[in-house]
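Only a predicted model underlies this, so the values are computations on that prediction, with no experimental measurement involved.
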Amino acid sequence: MKSRALFVFASILVIMALLIVGCKKSTEPEGIFTDDDKAEIQSSIESDPLFSGEDNSLNDDGAGMTLGKTETPILPRAWGRRITQVTRNVSYDNQNDTTVVATVTVTIVGNVIIRAKYQPQDTLSTFTKPFTETLTRIIKFYRNKSNLGRRWVSREVSAVKGGTQGSLVTITQIRVFMGTDTLTITDPLNYFLKLGKFGGREIPTLLASFLQPIRVQVSVTSADPDTDIVALHRPYFALSAGKFKPITVRMGMVSQTQNGNTYARVYEQSWIGLLPGRHHVFASALTRSSIFDDQATFSSQVWGLPYIVN
């Protein structure tokens with residue numbers, strides 16, 4: 001009788017121990033940010049055009065943007081980036097059990113291709129300048145408690161900021177007019193847009209239309225008395241290829257003010273025709289010598305903004 005009581009008591013202890021271990025195993029992963037979590041978030045970043053695509057948007061595949069005639073000693077007629085390497089790095093800030101902030105840094109390496117000549121009577125030649133641009137965006141992920149196949153859901157994404165190291169031209173503000181909506185960005189990595197119905201400033205979402213205009217204004221400061229080159233990079237549908245492709249358009253300067261040796265300039269460009277999808281619009285500001293001087297280093301700053309067209 002005594003041995004049977006001891007057996008029952010020991011069995012109860014074993015069952016209690018198993019229950020405790022089982023409870024521990026079921027609750028621990030909820031507060032731990034694992035390598036599997038990182039892999040899931042990185043896959044989400046790489047597969048969503050709202051979080052990637054800068055390499056495609058900025059890749060002109062050679063001298064694709066026409067500059068028109070000039071009267072400078074060097075006569076560039078067209079230029080464009082040709083990207084040869086893209087490296088994407090993601091760092092994680094596990095703020096608490098439910099929030100992870102992912103900082104995505106994209107390094108783009110390639111060549112700037114310039115079609116130019118030294119004298120009007122010369123034939124066009126091709127000039128090549130190497131460049132490296134680094135762009136950064138921040139994405140906030142929240143733990144998906146319903147766990148319907150995804151442990152983490154993206155809820156906020158910042159605008160994009162980058163360019164060459166030590167850029168000699170600085171973007172100070174971008175204003176985007178989309179339908180009745182206006183966005184003003186002065187600090188891209190602290191300007192967050194909500195995804196879905198999570199409250200706050202949502203990513204601009206527009207209806208597909210060939211009549212609805214989008215207008216972009218870019219403000220820059222520069223110490224160069226010669227006007228800078230500011231280009232707009234946006235998607236368009238190439239009928240001949242049957243797919244979306246990036247297009248680069250030179251923006252027109254609409255105002256200029258001088259303060260000592262510094263110049264503040266505003267550039268503007270608009271277009272009509274919205275194509276369905278998840279897109280970015282990028283603005284890149286270059287020093288004039290980046291394109292008009294065959295020896296000067298390529299110097300740029302790039303800002304970008306995601307938007308959705310349904």
Handout entry: Test item: L193 and P306 side chains (from C-beta on) under 4.5 Å apart, heavy atoms
Key = yes
Handout entry: Heavy-atom closest pair, residues I291 and K129
Key = N-NZ, 4.4 Å
Handout entry: Close side-chain approach of N89 and T87, heavy atoms under 4.5 Å
Key = no
Problem - Any L195 side-chain heavy atom under 4.5 Å of R155 side chain - result: no
Practice task
Quick one: closest heavy-atom pair of P188 and S158, and the distance?
Solution key: O-CB, 3.6 Å
Exercise for the section: Output, in order, the C-alpha distance, side-chain angles, deciding distance and verdict of salt bridge (charged side-chain N to carboxylate O under 4.0 Å, His left out) for D48 and R278. Expected result: CA-CA 8 Å; D48 194 328; R278 298 158 80 87; 3.0 Å; yes
Practice task
Classify the angle between the aromatic ring planes of F298 and W79 as parallel (below 30°), tilted (30 to 60°) or perpendicular (above 60°).
Solution key: tilted
Handout entry: Stepwise side-chain contact (heavy atoms from CB on, under 4.5 Å) test for W271 and V249
Key = CA-CA 10 Å; W271 74 96; V249 182; over 6 Å; no
Exercise for the section: Enter the distance from Y142:OH to W152:CH2 here, rounded to the nearest 0.5 Å. Expected result: 10.5 Å
Exercise for the section: Measure the CZ-CG distance between R250 and L232 for me, rounded to the nearest 0.5 Å. Expected result: 13.5 Å
Fill in the blank from the handout: One should read off an interatomic distance between Y191 OH and I174 CD1, to the nearest 0.5 angstrom, of 11.0 Å
Practice task
Would you check if the side chain of T164 reaches a backbone N or O of S300 as a donor-acceptor pair within less than 3.5 Å?
Solution key: yes
Handout entry: Pairwise side-chain contact, D93 with T103, heavy-atom cut-off 4.5 Å (strictly under)
Key = no
Handout entry: From CZ (R175) to OG1 (T186), nearest 0.5 Å
Key = 11.5 Å
Exercise for the section: Check the side chains of Q256 and T227 for a donor-acceptor pair under 3.5 angstrom, ignoring hydrogens and angles. Expected result: no
Exercise for the section: Following the transitive rule for hydrophobic clusters with a side-chain heavy-atom cut-off under 4.5 Å over Ile, Leu, Val, Met, Phe, Trp and Tyr, establish whether M251 and F177 coincide in one cluster. Expected result: no
Practice task
Please check if the side chain of N259 supplies one atom and the backbone of T262 the other of a donor-acceptor pair under 3.5 Å.
Solution key: no
Problem - Side-chain donor-acceptor pair present, D224, T287, cut-off under 3.5 Å - result: no
Completion exercise
All heavy atoms of S219 vs all of V266, minimum pair found to be OG-CG2, 3.7 Å
Practice task
Kindly determine whether I138 and V104 satisfy side-chain contact (heavy atoms from CB on, under 4.5 Å), including the steps that lead there.
Solution key: CA-CA 6 Å; I138 299 172; V104 184; over 6 Å; no
Problem - Residue pair L305 / I185, side-chain heavy-atom distance below 4.5 Å - result: yes
Practice task
State, to 0.1 Å, how close S44 and F141 come at their nearest heavy-atom pair, and which atoms those are.
Solution key: OG-CE2, 4.0 Å
Practice task
Please examine the side chains of H233 and T248, heavy atoms only from C-beta on, and report whether any two atoms are closer than 4.5 Å.
Solution key: yes
Practice task
Answer yes or no: are there more than 12 heavy-atom neighbours, outside Q165 itself, under 6.0 Å from its atom CD?
Solution key: no
Handout entry: Considering all heavy atoms, the nearest E156-F192 contact
Key = OE1-CB, 3.6 Å
Exercise for the section: Please report the shortest heavy-atom distance between I171 and Q301, naming the atom on each side. Expected result: N-OE1, 2.8 Å
Exercise for the section: Answer yes or no: is there a donor N or O on one side and an acceptor on the other, between the side chain of S299 and the main chain of L168, under 3.5 Å? Expected result: yes
Practice task
Examine distances only and state if a side-chain atom of T132 and a backbone atom of V109 form a donor-acceptor pair shorter than 3.5 Å.
Solution key: no
Handout entry: Side-chain donor/acceptor of Y267 to backbone N/O of D228, under 3.5 Å
Key = yes
Problem - Donor-acceptor pair, side chain of K117 and main chain of R77, under 3.5 angstrom - result: no
Problem - Short side-chain donor-acceptor distance under 3.5 Å, D294 and Y118 - result: yes
Practice task
Quick one: pull up OH in Y263 and CD in Q258 and give me the separation to the nearest 0.5 Å.
Solution key: 3.5 Å
Practice task
May I ask you to say whether R151 pairs ionically with D37, meaning some side-chain N is under 4.0 Å from a carboxylate O?
Solution key: yes
Handout entry: Side chain to side chain, P120 and L75, heavy atoms closer than 4.5 Å
Key = yes
Practice task
Report the C-alpha distance between F51 and V90 in whole Å, list the side-chain angles of each, state the deciding distance to 0.1 Å, and finish with yes or no for side-chain contact (heavy atoms from CB on, under 4.5 Å).
Solution key: CA-CA 11 Å; F51 308 146; V90 184; over 6 Å; no
Practice task
Report the C-alpha separation of E268 and R215 in whole Å, then their side-chain angles, then the decisive distance to 0.1 Å, and conclude whether the side-chain contact (heavy atoms from CB on, under 4.5 Å) test is met.
Solution key: CA-CA 7 Å; E268 185 172 292; R215 181 162 55 100; 3.3 Å; yes
Practice task
Examine distances only and state if a side-chain atom of T98 and a backbone atom of R143 form a donor-acceptor pair shorter than 3.5 Å.
Solution key: no
Practice task
Check for a donor-acceptor pair, side chain of N111 on one end and backbone N or O of I113 on the other, with a separation under 3.5 Å.
Solution key: no
Completion exercise
The reported gap from CZ in R115 to CZ in F127 (rounded to nearest 0.5 angstrom) is 9.5 Å
Problem - Under 3.5 Å: donor-acceptor pair, side chain of R81, backbone of G110 - result: no
Problem - Exam field: side chain D122 to backbone Q119, donor-acceptor pair closer than 3.5 Å - result: yes
